[in-house]
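All values below were derived from every heavy atom in this structure, side-chain atoms included, with hydrogens, water molecules and symmetry-related copies excluded. Residue numbers start at 1 and run along the sequence shown. Note that ligands are numbered from 1 as they come in the structure, with each ligand's atoms numbered from 1 the same way.
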Amino acid sequence: MLDGFSFREGSLHVGEVAAAAVANAVGTPTYVYSADAIRAAYRRLDKAFAPLKVRTHYAVKACANLEVCRLLRSLGAGMDVVSGGELERAWLAGTPLEEIAFAGVGKTDEEIRGALDGRFSPLAGTPLVEGRDLTHRGAVGMFNVESSSELERIADIATELGVRARVCIRVNPDVDAKTHEYITTGKEQNKFGIDLPRVRLLFDAYRDHDSVEIIGLHFHIGSLVPRVEPYVRSVEVLNRLIDELQGAGHGIRLLDLGGGWPAAYQEGECPPIEAFADALIPLLEERVREGLQVVTEPGRVLLANAGVLLTRVQHVKLGRSKRFVICDGGMHSLIRPALYQAYHFVWPVDVPQGLAPGTRAETQDFEGLEPSDVVGPICESSDFLARDRQLPPVGRGEVLAVFSAGAYGMSMASNYNDHGRPAEVLVDGDRVRVVNERQTLETMLETERRPREVAIQTLC
Ligand code: LLP
């Protein structure tokens, strides 16, 4: 079906394990990841970009689970983080600070401090770091800087701490990634990156700075980019800029191509990762031979198809033209359908043999299906996981798998309507581990237990 997932005698298996058995043991809604699928996706990406000796920084935002980060780390990944929280996760997962890149448009002073000096980590003094030394962990490998204001803050804080900050400038190449408008980031009207004339000024302004070293350039044009051409155009823009900056005496050691590489939510929907790599290799191989380090920040292409969301049917309700399959998972567990009208293939985990798909496309030829909306319990009409689908008949208590949910699933889950966040399970062959317990109401209410008076000084 997909790497790590297969129907065997009508029963969906993750690795060697029946999905229904996981749902029964752990409850629902639950994210289930296949370790084999993550490994396969990582190795495939690594191989595709091998001629460029690419360093891979996993975009933690796609799926921040500690064990998932540990698995990717064990395969050799560095980490791309966008908050102090993600930075600490990456470090807890075993990533040395120098292999972490800190991106994001709104870094706070506290986050910058923690990224430069472990003594200012939000984990300092907590039981999470018992026995680990924060004081000597050093500074992040690089900050991907999004504005001159941010660079100023990094420079000031690095000076104050007496350390040197390595920085990459995120360029806004003004290229249309042709993806959903909410996840387009490389156009001039987006809040991301710095326009070309300002990039040149920054390089000049920080030329011999004591506390900041600008080591390279970064771009990230969007996510789920469905075509190769916007990457080619962006690299062409950046190549011209590198030539220009080098001509002015600036050293450019590193080029970060960002993430955005697509995963197929439907069969054959986008070019394979090799198509992207093959188009970019000729544009960069000469520079790599001359010493340029190329970096990528993949998230979705590694995780999306390595995870499913298991959800249990609570009620089936007949409408006039279709039925509503009402589940315990919804927009609070997986918000992508509500937020981006995203498509996720949904299928019951146990079906008669004749209705067990070999691929996601195959179900179109099945007979006996019923028009259905798969929806959640949330009080909004945007609360759907799948709309206008043809599904096998299902009844109360049955478990459905929402496919391609490994990226931006759990990491965007919320407590809306006071639901706890789902559990997470990692399956490796026949080994099943709960790698994140289901969130309980008790922990959700913890921060509201004791209202605290705050003394505010007023002027009059
Ligand atoms: N690098 C930067 C600077 C990013 O902003 C992102 C994603 C990535 C790398 C990783 O992109 P990927 O390889 O995963 O496409 N919530 C949306 C996706 C938002 C992506 C945000 N930035 C979704 O569910 O489709």
Side-chain angles (χ1 to χ4, degrees), residues 31 38 41-42 44-45 48-49 54-64 68-69 72 77-83 86-87 90 100-107 142-147 150 168-173 177-187 190-194 217-227 230-231 234 255-265 269-271 273 276-277 295-307 309 331 333-344 385 402 404-414:
Y31 280 96
I38 297 173
Y42 186 87
R44 185 169 166 184
L45 177 91
F49 279 103
V54 160
R55 199 155 84 203
T56 303
H57 286 166
Y58 169 56
V60 171
K61 62 172 85 65
C63 176
V68 168
C69 290
L72 284 159
M79 303 279 157
D80 169 70
V81 304
V82 289
S83 70
E86 284 189 359
L87 185 146
I100 298 176
F102 190 178
V105 286
K107 302 177 190 78
M142 63 191 194
F143 289 94
N144 283 341
V145 162
E146 300 258 5
S147 63
E150 181 196 333
C168 234
I169 304 290
R170 177 166 179 179
V171 178
N172 183 322
K178 304 259 182 331
T179 181
H180 191 283
E181 63 165 321
Y182 290 0
I183 49 176
T184 291
T185 53
K187 281 165 73 180
N190 301 133
K191 70 178 174 182
F192 299 97
I194 303 176
L217 297 169
H218 169 230
F219 73 85
H220 170 79
I221 49 177
S223 193
L224 195 50
V225 180
R227 285 165 42 194
Y231 281 97
S234 302
L255 176 63
D256 183 341
L257 310 178
W261 325 100
Y265 289 78
E269 144 187 278
C270 54
I273 188 66
F276 291 83
V295 173
T296 61
E297 303 165 346
R300 188 189 316 267
V301 73
L302 299 178
L303 255 298
N305 282 324
L309 173 67
M331 67 187 293
S333 351
L334 177 68
I335 201 174
R336 303 193 69 257
L339 192 55
Y340 316 112
Q341 294 75 49
Y343 176 95
H344 287 261
L385 293 169
V402 183
S404 315
Y408 307 107
M410 182 63 170
S411 57
M412 295 178 82
S414 77

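- Every residue was checked against the ring pair (Phe, Tyr, Trp, His ring centres under 6.0 Å) condition with F192, not counting sequence neighbours, and none meets it.
- Residues of the protein with a heavy atom under 4.0 Å from ligand 1 are A59, K61, D80, R170, I183, H220, S223, L224, G259, G260, E297, P298, G299, R300, R336, Y340, Y408, M412, listed by chain and number.
- A salt bridge links E150 and K107; the closest N-O separation between the charged side-chain nitrogens and carboxylate oxygens is under 4.0 Å.
- Between the CZ atom in F49 and the CD1 atom in I273 there is a gap of 4.5 Å [rounded to 0.5 Å].
- Electrostatic pairing of R170 and D256 does not count as a salt bridge here, judged by no charged N lying under 4.0 Å from a carboxylate O.
- Using cut-offs of 30° and 60° for the angle between ring planes, the Y231 and W261 rings count as parallel.
- Between H344 and S404 the shortest side-chain heavy-atom distance falls below 4.5 Å.
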